[in-house]
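As a basis for the values below, the full set of heavy atoms in this structure was taken, side chains included, without hydrogen atoms, waters or symmetry mates. To find a chain, count down the sequence lines: A is the first, B the second, and so on, and within it residues start at 1.
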2 protein chains.
Amino acid sequence: MSSEGSRRRDVTVADVAKAAQVSKAQAARALGNYGAVSEDVRERVLAAAEGLGYRPNELARSMNTGKSNTIGVVVGDIENPHFGLATRGITDTAKKSGYNVILINTDEERAAEVDAVQVLLDKRVDGLIVAPASSVETAHLKEVRDSGRPLVLLDRAAEGLDVETFAVDMGTISYESTKYLIEAGHRRIAFVSTVRTDGPYVAGMSLDSSQISDRLEGIRRAFEEEGLSQPMDLVRLNAGDADSIMRITRDLLKGPDAATAIIASDGLIALSVVEAIQESGLSIPSDVSLIMYDDFAWTRLTTPPLTVIAQPVYDMGMAAATALIRQIEGRKSSSPAGPPLEARLVRRGSVGSPKDVGVLSQAGS
Amino acid sequence: MSSEGSRRRDVTVADVAKAAQVSKAQAARALGNYGAVSEDVRERVLAAAEGLGYRPNELARSMNTGKSNTIGVVVGDIENPHFGLATRGITDTAKKSGYNVILINTDEERAAEVDAVQVLLDKRVDGLIVAPASSVETAHLKEVRDSGRPLVLLDRAAEGLDVETFAVDMGTISYESTKYLIEAGHRRIAFVSTVRTDGPYVAGMSLDSSQISDRLEGIRRAFEEEGLSQPMDLVRLNAGDADSIMRITRDLLKGPDAATAIIASDGLIALSVVEAIQESGLSIPSDVSLIMYDDFAWTRLTTPPLTVIAQPVYDMGMAAATALIRQIEGRKSSSPAGPPLEARLVRRGSVGSPKDVGVLSQAGS
DNA sequence: TTGAAAGCGCTAACAG
DNA sequence: CTGTTAGCGCTTTCAA
């Protein structure tokens with residue numbers, strides 16, 4: 001209780017200068033260690049600073065240098081392990097280069113994102129990493145671009161916006177995964193995503209998420225190549241919360257035209273899908289096959305372990321931060337691009353052949 | 001390509017004032033909306049601002065108001081869903097009151113934490129929420145306190161530091177959970193945690209984490225009450241990474257004195273414990289029982305679903321942010337304290353009776 | 001209401 | 001090397 005608890009005026013360079021008997025400028029130079037300072041002065045200043053408990057005011061510093069050493073990160077949902085891991089990749093990389101991170105959650109709400117970007121700009125962050133909630137409405141991102149502030153995108157691209165984007169090629173992996181299901185004999189393949197749309201899905205429709213469009217396109221392509229056509233009635237967007245996903249799953253699994261395989265667009269969705277399947281008394285993969293996006297540790301522990309599409313999420317965050325910082329510091333891309341950010345299909349136990357594979361094969365085309 | 005892409009000078013209040021033909025002071029008042037401004041002036045200024053695309057410089061604003069509307073959050077690992085969820089609770093609450101969050105990850109490294117706190121203070125955040133890596137070495141936190149900046153703790157307490165702390169009562173829930181295992185017939189109950197210690201664990205030893213000390217104490221108490229004593233050879237700290245945890249688990253399950261139940265200190269640990277158990281060809285709960293801390297969605301999907309200790313993690317984050325903001329804004333605690341932050345044991349399928357329950361019972365005491 | 005002027009704490013010219 | 005003098009963009013006296 002010896003030190004006065006309440007907020008006393010901060011110690012400033014002026015105070016330190018006085019104590020060290022030098023000019024404010026010299027003290028500032030020694031403290032900020034820039035410019036030319038004699039050894040003698042430096043020592044006296046540092047000692048005085050130490051004694052007084054001086055701490056630089058980074059706000060003031062940022063004001064005249066125009067640099068805040070802070071980057072803004074805008075994601076849909078930090079609670080989602082996908083973003084948790086990506087954020088870790090970002091913060092780790094940022095820290096190494098001396099940057100801090102201001103994190104804003106948008107809940108995948110466009111209005112919140114517009115707001116977030118504005119706030120970050122007002123706070124004069126040195127650059128922005130955003131995982132755009134919409135790949136279509138990107139006016140606010142264009143503004144960032146135009147303001148001249150470095151910007152990179154994570155996870156999804158933005159239409160008509162030419163900025164570095166760090167995401168895997170969803171079309172290709174989706175194509176491969178679908179192919180894998182088709183080869184196992186599946187024809188009734190469902191796709192479940194939470195992406196919001198105005199109306200029901202029709203092929204080639206423009207979606208808010210480039211990710212999802214690409215995945216759907218990959219599925220279509222795989223079917224087409226076999227001379228089949230994708231069962232559009234099994235594409236379920238707007239999946240919403242856990243209850244809603246379970247309802248959709250039950251619906252998908254019902255009747256003579258039931259799905260025999262489900263692709264879950266992310267780990268959260270898969271959780272509810274699996275729960276609904278278990279509740280229905282069906283089993284994986286003998287009754288239904290399942291593939292989910294993202295490879296989380298728990299997917300190895302379910303019975304059976306899940307076949308997943310693994311994305312190098314941490315690396316994506318790292319690459320995004322690295323590129324952003326390069327832009328901020330005005331360096332040219334030194335290394336070509338870092339590792340290529342590829343997704344891959346991890347075959348575990350949740351994909352099998354549908355029961356009535358013979359019948360379906362004939363029904364195909 | 002119409003707007004000049006590169007970084008042009010920002011428009012300032014001075015620019016707006018000139019365009020609106022008023023003094024800088026009046027423009028600033030209208031823009032910052034404080035002080036007294038006539039309707040006429042306000043309109044002209046706002047119009048001019050709009051036209052010029054004026055955006056306030058929050059750094060400058062913070063400099064003279066001494067308020068940054070930013071809070072600093074220091075956690076061990078944002079990749080851990082536990083912190084992901086808590087962070088969500090914090091950011092949601094902060095946003096509602098107009099605060100932003102600077103997030104720093106420490107990797108549970110004390111040095112990194114000391115650094116983080118310093119950086120945040122230098123950036124003049126309005127307050128700090130930290131989940132201390134160590135409950136013992138807390139000098140840096142005391143300094144925060146002394147600097148007069150609001151501070152609240154999350155998840156773990158800090159010795160001899162009288163600040164609001166938001167965490168559940170680990171002693172009680174640990175006691176109850178152990179009791180539950182003992183009643184099921186278990187005597188050989190293991191506890192696995194990643195907390196780092198210098199030497200092997202001895203009862204009552206001071207640990208870096210108040211959380212873990214409390215849990216251990218709860219276990220001890222439960223045994224004691226039954227006239228038994230806790231099997232100290234089954235307390236495994238310093239568990240480290242996944243491989244290390246699997247090794248420890250195999251060791252715990254081996255020999256005549258094998259553990260019949262394991263309490264995993266968090267979800268990440270449980271993941272590796274379960275994996276090791278499965279690899280050993282043993283099954284839960286017939287061969288080994290398991291309880292883990294934190295209730296994640298996936299724990300319902302394993303076979304069997306896991307019995308867990310659920311903590312209101314989101315609420316903890318929310319409560320911490322609420323309290324911090326109250327402190328910042330100098331208000332007295334209005335509502336008593338919000339919901340009481342209680343952990344509860346969720347009985348699912350991973351706890352059963354040990355095979356040789358009869359023998360062990362006799363061996364007891 | 002208004003405006004002029006003085007800061008906030010620091011960095012950045014510019015002379016010595 | 002050192003000190004003086006201006007700012008950075010905003011808020012805040014203080015008079016008018």
Side-chain angles (χ1 to χ4, degrees), chain A residues 7-46 48-49 52-70 119 121-126 147 149, chain B residues 7-46 48-49 52-70 119 121-126 147 149:
Chain A
R7 205 179 299 206
R8 56 186 185 290
R9 216 183 105 284
D10 286 334
V11 178
T12 73
V13 269
D15 300 322
V16 176
K18 196 171 302 170
Q21 320 237 51
V22 294
S23 73
K24 220 177 57 175
Q26 277 311 83
R29 289 196 256 254
L31 261 8
N33 84 79
Y34 57 91
V37 187
S38 67
E39 204 35 56
D40 174 46
V41 170
R42 159 165 287 111
E43 275 172 19
R44 291 213 321 272
V45 170
L46 262 28
L52 296 174
Y54 168 81
R55 288 271 82 212
N57 181 329
E58 291 296 346
L59 289 178
R61 208 167 249 183
S62 297
M63 265 217 52
N64 356 230
T65 57
K67 251 209 128 224
S68 59
N69 288 304
T70 301
V119 167
L121 251 24
D122 291 354
K123 278 199 184 298
R124 298 305 191 261
V125 295
D126 293 334
S147 83
R149 261 206 185 55
Chain B
R7 207 179 301 205
R8 58 185 183 291
R9 215 183 105 284
D10 286 334
V11 342
T12 74
V13 268
D15 300 322
V16 175
K18 196 172 303 171
Q21 319 238 54
V22 296
S23 73
K24 219 176 59 175
Q26 277 311 84
R29 289 195 255 254
L31 262 8
N33 86 79
Y34 56 90
V37 187
S38 68
E39 204 35 55
D40 174 46
V41 169
R42 159 165 286 112
E43 275 173 20
R44 292 212 322 272
V45 170
L46 262 28
L52 296 174
Y54 168 81
R55 289 269 84 215
N57 182 329
E58 292 296 345
L59 289 178
R61 207 167 250 183
S62 297
M63 265 215 50
N64 0 217
T65 57
K67 250 213 128 221
S68 58
N69 288 303
T70 301
V119 167
L121 250 25
D122 290 354
K123 277 198 185 296
R124 299 303 193 260
V125 295
D126 294 332
S147 83
R149 261 205 186 54

- Query: Among D/dG9, C/dT2, C/dC10, which is the nearest nucleotide to the side chain of A/Val13?
  - Reply: C/dC10
- Under a 4.5 Å cut-off applied to non-hydrogen side-chain atoms, are B/Leu52 and B/Val16 in contact? yes
- Spacing between B/Gln21 atom CD and C/dG3 atom P, to the nearest angstrom: 11 Å
- Task: Using whole Å, report how far NZ of A/Lys18 lies from C1' of C/dC10.
- Result: 16 Å
- Out of D/dT11, C/dA4, C/dT2, which has the shortest distance to the side chain of B/Ala36? C/dT2
- Item | Any A/Tyr34 side-chain nitrogen or oxygen under 4.0 Å from OP1 or OP2 of C/dA12 | no
- Task: Quickly work out the A/Glu43 CD to D/dT2 P distance and round it to whole Å.
- Result: 12 Å
- Query: Just to confirm, is there a sub-4.0 Å distance from OP1 or OP2 of C/dC10 to any side-chain nitrogen or oxygen of A/Arg61?
  - Reply: no
- Query: Is there a side-chain contact between A/Leu46 and A/Leu31 (heavy atoms, below 4.5 Å)?
  - Reply: yes
- In whole angstroms, how far is the C1' atom of C/dC10 from the CG atom of B/Asp122? 13 Å
- Query: Among C/dG7, C/dC10, D/dC1, which nucleotide sits nearest the side chain of B/Asn64?
  - Reply: C/dG7
- Proximity to the side chain of B/Lys24 - top-ranked nucleotide from D/dC10, C/dG9, D/dT2: D/dC10
- What is the distance from atom CZ of B/Arg61 to atom NZ of B/Lys67, rounded to the nearest 0.5 Å? 12.5 Å
- Separation of D/dT11 C1' from B/Asn57 CG (nearest whole Å): 13 Å
- Query: Are any side-chain N or O atoms of B/Arg44 and backbone N or O atoms of B/Ala20, one a donor and one an acceptor, separated by less than 3.5 Å?
  - Reply: yes
- Under the 3.5 Å rule, do the base of C/dG9 and the side chain of A/Asp10 count as making a donor-acceptor pair? no
- Message: Can you identify which nucleotide, out of C/dA12, D/dC1, C/dA5, has its nearest atom closest to the B/Ala25 side chain?
- Response: C/dA5
- Query: Hey, does the side-chain of A/Arg55 have a donor or acceptor N/O within less than 3.5 Å of a partner on the base of C/dG9?
  - Reply: no
- Task: Check the distance between D/dC8's C1' and A/Lys67's NZ and give it to me in whole angstrom.
- Result: 17 Å
- Rounded distance [0.5 Å steps], OG in B/Ser38 versus CZ in B/Arg29: 11.0 Å
- Message: By nearest atom, which of the nucleotides C/dG9, C/dA12, C/dA13 is closest to the A/Arg29 side chain?
- Response: C/dA13
- Query: More 5' along DNA chain C: B/Ala60 or B/Ser23, using each one's nearest nucleotide?
  - Reply: B/Ser23
- Message: Of the options D/dT11, D/dC10, C/dA12, whose atoms approach the side-chain atoms of B/Thr12 most closely?
- Response: D/dC10
- B/Gln26 atom CD is separated from C/dT2 atom C1', nearest whole Å, by 5 Å
- Task: Give a yes/no answer on whether the side chain of A/Thr65 brings an N or O atom under 4.0 Å of OP1 or OP2 in D/dC8.
- Result: no
- Message: To the nearest 0.5 Å, what is the distance between OG on A/Ser62 and CZ on B/Arg124?
- Response: 11.0 Å
- Message: If you assign each of B/Asp40 and A/Met63 to its closest nucleotide in DNA chain C, which residue comes earlier from the 5' end?
- Response: B/Asp40
- Rounded distance (Å) that lies between atom P of C/dT11 and atom CG of A/Leu31: 8 Å
